[in-house]
Structures are given as C-alpha cells and as structure tokens.
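I have placed the structure first, in the form of structure tokens, so that the comments after it can refer back to it.
This chain uses plain numbering: 1 for the first residue, then up along the sequence. What you are looking at is a predicted structure, and each value in this text was computed from that prediction instead of being measured. Note that ligands are numbered from 1 as they come in the structure, with each ligand's atoms numbered from 1 the same way.
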Amino acid sequence: MRSTGKIILIAASFFSVVSCTNVTEFKKDDTERKIDELLSKMTLEEKIGQMHQISIERNIEKHFTDLQNGNIGSVFNTVNPIMANQIQKVAVEESRLGIPILFARDVIHGFKTIFPIPLGQAATFNPALIQEGARIAAVEASAAGVRWTFAPMMDISRDARWGRIAESCGEDTYLTEKMAEAMVRGFQGDDLSNPASVASCPKHFVGYGAAESGRDYNSTYITERQLRNVYLPPFEAAVKAGAATIMTSFNDNDGIPASGNPFILRTVLRDEWGFDGVVVSDWSSVTEMVSHGFCSDRKDAARKSVNAGVDIEMVSGSFIKHIPDLVGESCIDMNTIDAAVRNILRIKFRLGLFDNPYVNTTLEDSAYYHPNHLAAAKQTAVESVVLLKNEENVLPIRSDKKRIAIVGPLADAQHDQLGTWVFDSEEEKTVTPLNAIRESYGDKYSIIYEPGLTYSRDNNVAGIAKAVNAAKQADIILAFVGEESILSGEAHSLADISLQGKQSQLLAELSKTGKPLVTVIMAGRPLTIENDLNVSDALMYAWHPGTMGGEAIADLLFGECSPSGKLPVTFPRMVGQIPIYYNRNNTGRPARGTETLIHEIPLKAGQTSLGCNSYWLDAGYDELFPFGYGLSYTKFNYDSLNISSDRFSENDTVKVNFTLENIGDFEGTEIVQLYVQDKVGSVTRPIKELKRFDRITLSPGEKQNINFSLPVKELAFWNLDMEKVVEPGDFVLMVGPNSKDLMTKKFVVE
Ligand code: GLC
C-alpha cells in the first residue's frame, strides 16, 4: 500500500511542470498509470482472478487459499463488516500483489431502512427525493462493508405479468432516464472514493423487461431501432451520470443472449458511449448460454462472453476454469483480458480501495435506521402513493368518522409491506398501517381490527364474517389488500394478475355493509382491479411502501398530507390487454372509442358489422388507468397553454408556458406532464412521448405560471436510416395531469 507522501510529492512536481492540468485530469491519468504498472506485474492467473466473482455469506475460511492466490476479484453477499475485513485482510496482506476485494450486494431500494419498491419510487416523479434515498441506502450498505450495489434496475417494463416490474421505473423511457441518473448519483455520491460511496450497476443490459408473455427469463425480439429509441436511453443516461458498472441481462434478444452480445457490450456501450467501467454478468448468465443453445459448453460460453465484452463473471466459474486454455489456444486475445482487467482495476482505484481497503466497523449502529433515514423513507412513501378513486371525497377521513374498521391481510404485514429484494432489514422495524393508525390516531378514533384473511393467497373465508361484523359497527372501513412480497420480483411471473385468494370476495362483502369502503392496495405490479375499484368508495395504490409505509399511508388517509403520486405504468382492465402502454403507435386502424363490445353484439351479426378497428371485443380499447394518472384531495386547473412559436429549427428551444391553479380546498402537489407527438416520421412514431415533468405545490386558490424549455434536439429519434435525427414536420405539444387529459398546441419543425 503506497504512502500518500509519495503521491503528494509526485503531484507537487507534476504541477510545477504543467500547472494548467486540473486535479481530475491528474487523478485520471495517475490512475491509468497505476493500472499499467500493476497490470505489468500480474500473471494470467492473477488477471483471471479479477474476473471471477463469488458469493460468500459464511465459512469464509474455505476461500482463503483462493484469496491468497489472487483467484477472486469480487465477493457479494458479505454484509458483516468484520467478516468483510477478514476476507480483505487475506487478499490485501497475504496475496502476492495485494489487490483489494470489491464487496457487492443487491441494495435495490434500501439496505436496513427500506424505501418503496422502485416502481413506487417512480410514482413520485421526484428524482431529487429518489437520489436522496439512494444516498441513504449507500450510507447504510457501506457501513456493512458493501461498496458495490447491483442497482438501479433500468428495465423498461410494459408487462405487469413480469414480477420484476416491481424493480423497474415503469413503462416510460424519459421517466426511467431521470430516475436512472438520480439513483446512480445517489449511490455513488460526489466522490466514488468516499467510503460511504457505493458503485452503481444499472441493470439488466438490455431489454429484459420485454420477456415474451411476461414470463421471466423468456426471449425478447426487440429491433435495433426499438432498442435505441426505448430500451437503451436509460442506460446511456446512467453511463453519462457516471455509472461505474453495468450488468448484463438473462434474455436472448433476437437470438443473442446479452452476455454474449458484442453489439450492445462493445459497439454501443464502449464505442458509442465511451463507457470505461465494468461489465458484470448476471448470476450464471454466462454459462446459461449453453442452456440457451448459444454455446456448446461452458468453455465456449467463457470464450463468447469474454470476447463479447463481459469483464466479470458472476458465480458460474467458467472464466477461472477455461480462460487459461482459451488464451493458450488463441481463442481469446491477451489484449482482451488486459482490457477487462483494466476496467476492474479502474473501478477499484476509483473506489479508493487500494488506499483504503478496510471498512470502518463502528458505523453500523449510527447508520442503520437513522431517524433522518426513516424520515426520508416515509416522505418517499408518502409521495409514492397514488390515489385512484375518491368518490364524494370520502377521503381524507373526517373527525366525525369515530369508529374505524381496519381489515385485510396487508393491514399488519411487516414482512410483505417491504416488497421484493429485501435481505438485510429487520421486519420488526416495519411500521404497518395498523400500528401507525393505532399509534397516531388511536386516541381520537376507536379502531376495530379484523383481518378477515390471514395472507393475500388465503382461500379460507371463515374470517370474512368477523371482518364484516366489525365493518357493520364502524363509520368507515379501511381495507388493506394486495400481494405478498414473494409474489413479486424475480422468477415470479403471474398469468392472472387479479387480487389473489379471496380478497375480492372480502371487499365485495365489506361493500355490502353500505359503509364507506376505502381500499388500500400494496402490490409490486399493476393488478386487474376493476371490480375491486367498483365496490370501493376510495382506492389508494401504495405499491410495497417499505419500512415507513404505514405511517405514510396513515398520514395520507387522515389528511396530514395530500396524495401526489402518479402512475409510472399503465393499469390494464384485463390481463389480456398486456402489453399495454401509453406511448404506443397509432396503427392504421386506431380505435375510435365507439366500438361495439361483446355484450352489445346482436345475434347473427354480419362479419364486418362491428367495424374494423384495433381493440378487444371483451375489454374494449382503453386501459383502466393511464400512465401519469393520479388524484389529489384538491383539484387543479390547467389553462392558457402557450409556446414561444409555431415554427422552430433544429437548434431552437420550445418555450412552453401554462397556468396551474389549485381550485380545491386542500394544499396539494401536482405532477405536471409535458408530452410531444411527432406526427409523421420516416418510421411510425408513438402517439405521444413524455418529455418533461415537475412537481408543483399550491395552496388553495393559488395560481402559478409554469414554464418548460424543450430543445428541439430532444425530439430526435433513431429513424429509417438508423440515424438519430430530428425530422422536420408537424408536431403536437401536450400538457396536463396525465397522459390522456391534455391541452395541445401544434408546431412545425423546419
Ligand atoms: C439475480 C438478478 C440480478 C441480481 C443478481 C445477484 O439473478 O437477476 O438482478 O443482481 O442475481 O443477486
């Protein structure tokens, strides 16, 4: 380990000669020099060791020999700082070159303090808040020795059957881009060498969310143009935000598994975007290329993967076993190995691991569940909840509703409320709606609690009668239903996304009491809830809201704050409508909204009598709720949309102005949204695309001028010639509260 004295001495002499070089440039060049110097000393085995990642949770001694031989480059799932330091000590002090180990963990939406699932975080449309949450996750995870998280997940998700939609930021490219940048900056902080900074890992590169039929790990068939216009931009934004690593995805796209795809890993990621970080495979995604039928055996998988551009193999062990022979047989060039190892060493230098390889083991108690962390998690949960219905303003709960029946299997579900991808949080820290309402409102209201069902899949209806009786004694019913967390996330695809078990029956029985029924759904995906919505007077969608979800929901229900969340993903009426998303193409025969539905079709109707438009006879055409939809306790009026001109050149900026007024009785925050349609293109274009959004808080009666600037260059897309250009022609600019209720203005790009 080099003393800082030498570095200062070099820095002083360097500056005396070339005083204009700024420190960043100096550090970067200096890092490259250090990499060269170290690489020149490494044997092939030591180089390959850096490319090998294993999971170590316990029994670390059995790995000491490999660590001493430099056969392990990174470790994940070690979340005990003392254990991490024991592993690090062997690597740094007992191996020939002392290259430090990089410790990783899946810190997806919090480490100890759990934030809402990313799909819920996206519903806040608040990148600054999300960045703060990622920063907090990094502070807590790094106290455990973690310096690399396998997050953020950036997969555009348009299929609620896919369990991993929970980890995504939803269906929209622009929203996902903004969330990507925020999470990368949050995890990595201002200085990656700060011990509280954690390398980010945007994943899964690329197109995994388009798994056919929503069945996880299934094939995708995304064209290059669709990749470039829809799926790649969030990763490009993450790379531009400084993402240190990228993870390949499980899916084969157009027949090519991501871990063996040089087009995305080299042409796009390295050559076009200039990414100089690390590409890590997903769990055994390298050797799964044999199962894909893309590689003949594990050695072939190692060859294709390394040559395609994977730097680190996660757990499947084909690199460490086969690269020596592959290099000896000239199937892999030594320069390819060196380039991969450079990327790995670069991230380790940037993380400061060579100067500071050990974790401070005294930080855990002060970091975990810090009150500021819990407050941030609560605020994120408050802003993530989407109010979908509020008939006759049954919410917020008025003080005359003295007796409250709390029912449903998610009312007091400390484990399930946290959602998917939670390993390190103590579930007893979770504040559920039941305990929050009892704690904060129990003195002013009488609370009756009867779950009715004991878990979301419960088919035992014996308890429903007790819940109904409790409801009959109450002035208002709060029903908490949804998904257990195990039904969400990886490998948890569902073909039926209605409420599980007898939850819908519970809601229907409760509704028959005639008492106001407020339904709160906690789930990791959109569910088909039209019937449940119809029997509810009000309905809030809380996703899986995390550690402080109960307090957040309670404060919203009782009006301490007004709901502001908006849907980051379209809600289908029926699962058969999937994939369904707002930024779709128009088709040659778009539905007109006057289509004949199945129960209206006369007997012996003539074959073409129903019209020939693009819709479903049984589900109609529209979604249940559109992207961007969400209600408040107050009302907002949009008016006076103006743009700076009706003709623009490519280098101009469209200045947009409109007024927003709070015409209701509550203070509220509105997420205003700006969409643009490119009417005609060299290829068909989506009917609209989100281009701007902002959160505007107004008091009752307050009116505000809202301004957006939209450079025309941001209307560029990858066109027929596979060039990213703005094509001249007619455009429509739209502004409003969601992707459907919009004011419009036309303009032309010359
Ligand atoms: C999983 C996931 C990936 C995760 C990795 C390590 O299979 O696909 O998102 O980071 O393995 O746990």
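Taking the ring centroids of Trp283 and Phe76, they lie under the 6.0 Å cut-off. Two rings, from Trp162 and Tyr208, have their centers less than 6.0 Å apart.
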For this session: Using the side chain to side chain donor-acceptor pair (under 3.5 Å) rule, take Asp282 and Thr248 through it: C-alpha gap first, then chi angles, then the decisive distance, then the call.
Result: CA-CA 6 Å; Asp282 201 337; Thr248 60; over 6 Å; no
For this session: Determine, step by step, whether Arg105 and Asp424 satisfy the salt bridge (charged side-chain N to carboxylate O under 4.0 Å, His left out) criterion, reporting the C-alpha distance in whole Å, the side-chain angles of both residues, the deciding distance to 0.1 Å, and the verdict.
Result: CA-CA 10 Å; Arg105 181 68 160 178; Asp424 302 301; 2.8 Å; yes
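The backbone N or O of Thr430 sits nowhere less than 3.5 Å from a side-chain atom of Thr547 that would complete a donor-acceptor pair.
The shortest N/O to N/O separation between Asp282 and ligand 1 falls below 3.5 Å. For Glu167, no nitrogen or oxygen atom sits less than 3.5 Å from a nitrogen or oxygen atom of ligand 1, counting backbone and side chain alike. At under 3.5 Å, not a single nitrogen or oxygen of Trp283, backbone or side chain, sits near a nitrogen or oxygen of ligand 1. Residue Trp421 has no N or O atom closer than 3.5 Å to an N or O atom of ligand 1.
Cation-pi check for Lys348 over Phe354 is not met; the charged atom does not lie both under 6.0 angstrom from the ring centroid and within 45 degrees of its normal.
Close approach of ligand 1 to Lys203 is summarised as follows: ligand atoms under 4.0 Å from at least one heavy atom of the residue are 3 (C), 4 (C), 9 (O), 10 (O). Under a 4.0 Å criterion applied to the non-hydrogen atoms of Phe250, ligand 1 contributes the atoms 7 (O), 8 (O).
When the salt bridge (charged side-chain N to carboxylate O under 4.0 Å, His left out) test is applied to Glu171, no partner is found at least two apart in sequence or on another chain.
Within the set His204, Met247, Glu490, the minimum heavy-atom distance to atom 9 (O) of ligand 1 is found for His204.
Atom 12 (O) of ligand 1 has as its closest protein heavy atom Asp106 OD2, 2.6 Å.
Using a 4.0 Å heavy-atom cutoff, Met153 is absent from the residues neighbouring ligand 1.
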